[in-house]
Number of protein chains: 2
Amino acid sequence: MPAPLIPKQEVVDRVMTVFRQHGFEGATLSRIAAATGLGKASLYHYFPGGKEDMANVLLDATAAWMELHVTKPLSGTAPPRERIAGMLKELDALYDGGDAACLLGTLAVGTSRSLFKKRLQAIFDEWIGALARTLMEAGLDRRSARERAEDTVARIEGALILAQGRGDTAPFRRLIRQLADELVPD
Amino acid sequence: MPAPLIPKQEVVDRVMTVFRQHGFEGATLSRIAAATGLGKASLYHYFPGGKEDMANVLLDATAAWMELHVTKPLSGTAPPRERIAGMLKELDALYDGGDAACLLGTLAVGTSRSLFKKRLQAIFDEWIGALARTLMEAGLDRRSARERAEDTVARIEGALILAQGRGDTAPFRRLIRQLADELVPD
DNA sequence: GTCTATAATAGGATAGAC
DNA sequence: GTCTATCCTATTATAGAC
């Protein structure tokens with residue numbers, strides 16, 4: 001059996017980049033083929049179900065990323081403030097300081113939303129839930145923790161939208177800094 | 001000359017709904033024709049430049065809406081807190097309590113971003129600028145006012161993304177309430 | 001595992017009648 | 001101002017050779 005030109009993980013990574021930049025509808029097979037160096041037909045070897053299959057694999061990867069870089073650090077034994085700082089550092093890297101869009105945000109907007117509603121909901125809820133649990137450990141009551149977690153995720157997603165729409169990542173970077181200081185009450 | 005089936009403003013409104021729900025790429029001529037009750041060819045009577053023309057008309061409408069419902073109320077003589085409450089009430093109506101997406105947000109995501117970058121930037125900046133000026137009148141220094149205005153717009157956009165992605169408008173509605181109370185320092 | 005070739009469809013847009 | 005008919009292109013997807 002011939003060796004793949006690039007490893008499967010690399011294919012997934014490049015497809016991820018195209019989807020985050022262009023959204024579901026804008027991620028055409030032509031663009032994806034160009035980004036991966038594969039022919040259009042070869043993409044069906046990796047993703048037999050076509051574009052919908054691709055998006056689901058990317059959502060798998062995102063769910064796994066969240067588990068590894070958000071849920072796990074937030075479930076540690078360090079002080080809540082440090083755990084949250086860890087999460088923020090990972091998010092800053094994922095979003096490249098605000099330059100890179102969020103897959104969840106791009107899929108939540110437009111027609112693709114209805115295709116992936118359940119999965120988007122599940123991943124957002126895991127993110128919010130993990131954050132809320134940590135905030136409760138830091139002393140917030142259940143409702144405040146939940147609300148603050150929801151608000152935090154919204155602020156991050158909004159700062160990314162603003163970065164895309166205005167070409168200015170400063171609000172995102174400032175947010176990451178502020179959250180490290182202010183998310184956990186003294 | 002035959003009378004139009006529906007007034008031009010009504011056509012624009014319905015096209016707006018399609019773009020906000022489906023995004024630029026998802027707003028196909030078929031969908032737009034169905035939503036307006038016009039044939040595809042008839043749409044070129046209203047928008048000779050096709051889809052890009054449509055999006056620009058919608059951005060015109062959005063800029064005008066901002067001028068009327070954000071900049072103008074924020075430039076009034078009432079106490080800053082009341083002016084901001086006025087803006088928030090209008091935004092709550094525009095976004096239908098969180099159920100309706102933001103045109104700016106949908107255009108800022110995906111491939112359409114590059115087509116409309118300048119205009120998105122201009123409208124976001126007008127919104128942020130008007131809010132920052134009011135916050136300065138309320139006593140904030142220039143930089144704090146600016147940062148708080150940017151953060152506020154980001155929170156609103158993010159809450160809308162979250163509403164779309166999770167099917168839960170509670171964070172958006174809570175945000176509107178909170179901002180009325182907390183945006184202007186006592 | 002990757003390719004060329006090709007289908008089948010949908011999308012954006014135009015011409016010209018009424 | 002709206003329509004039918006049509007065109008061109010891009011897009012997704014499949015078949016089958018290597």
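Throughout, a chain's letter reflects where its sequence line sits, starting with A, and its residues are numbered from 1.
Using a 4.0 Å cut-off, no side-chain N or O of A:S42 falls inside it from OP1 or OP2 of C:dG1. Distances shown here put a side-chain N or O of B:H45 below 4.0 Å from the OP1 or OP2 atom of D:dG1.
Shown here for B:Y44 and B:G50, the closest heavy-atom pair between the two residues is CE2-CA, 3.6 Å.
Among the candidates A:L179, A:L175, A:L135, A:I84, the single residue satisfying the side-chain contact (heavy atoms from CB on, under 4.5 Å) test with A:T152 is A:L179.
With rounding to whole Å, B:L43 atom CG is found 10 Å from D:dT2 atom P. A:Y46 has its OH atom 6 Å from the P atom of C:dG1, to the nearest Å. Between the P atom of C:dA13 and the CD1 atom of B:I32 lies a distance of 10 Å, rounded to the nearest Å.
Side-chain N/O atoms of A:R173 and A:T169 include a donor and acceptor closer than 3.5 Å. In this structure, a donor-acceptor pair under 3.5 Å is absent between the side chains of B:E52 and B:N56.
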Only pairs under 3.5 Å count here: list side-chain donor-acceptor contacts from residues 125-132 of chain A, not counting sequence neighbours, and write none if there are none.
residue, atom, partner, partner atom, Å
A:D125, OD1, B:R166, NH1, 2.8
A:E126, OE2, A:T71, OG1, 2.7

Worksheet item: Quick one: what's the B/S/- string for nucleotides 5-13 of chain D, heavy-atom cutoff under 4.0 Å, read 5' to 3'?
Response: ------SBB
Practice prompt. Before giving the answer on salt bridge (charged side-chain N to carboxylate O under 4.0 Å, His left out), spell out for A:E137 and A:R133 the whole-Å C-alpha distance, their side-chain angles and the decisive distance to 0.1 Å.
Written response: CA-CA 6 Å; A:E137 288 185 57; A:R133 285 191 295 277; over 6 Å; no
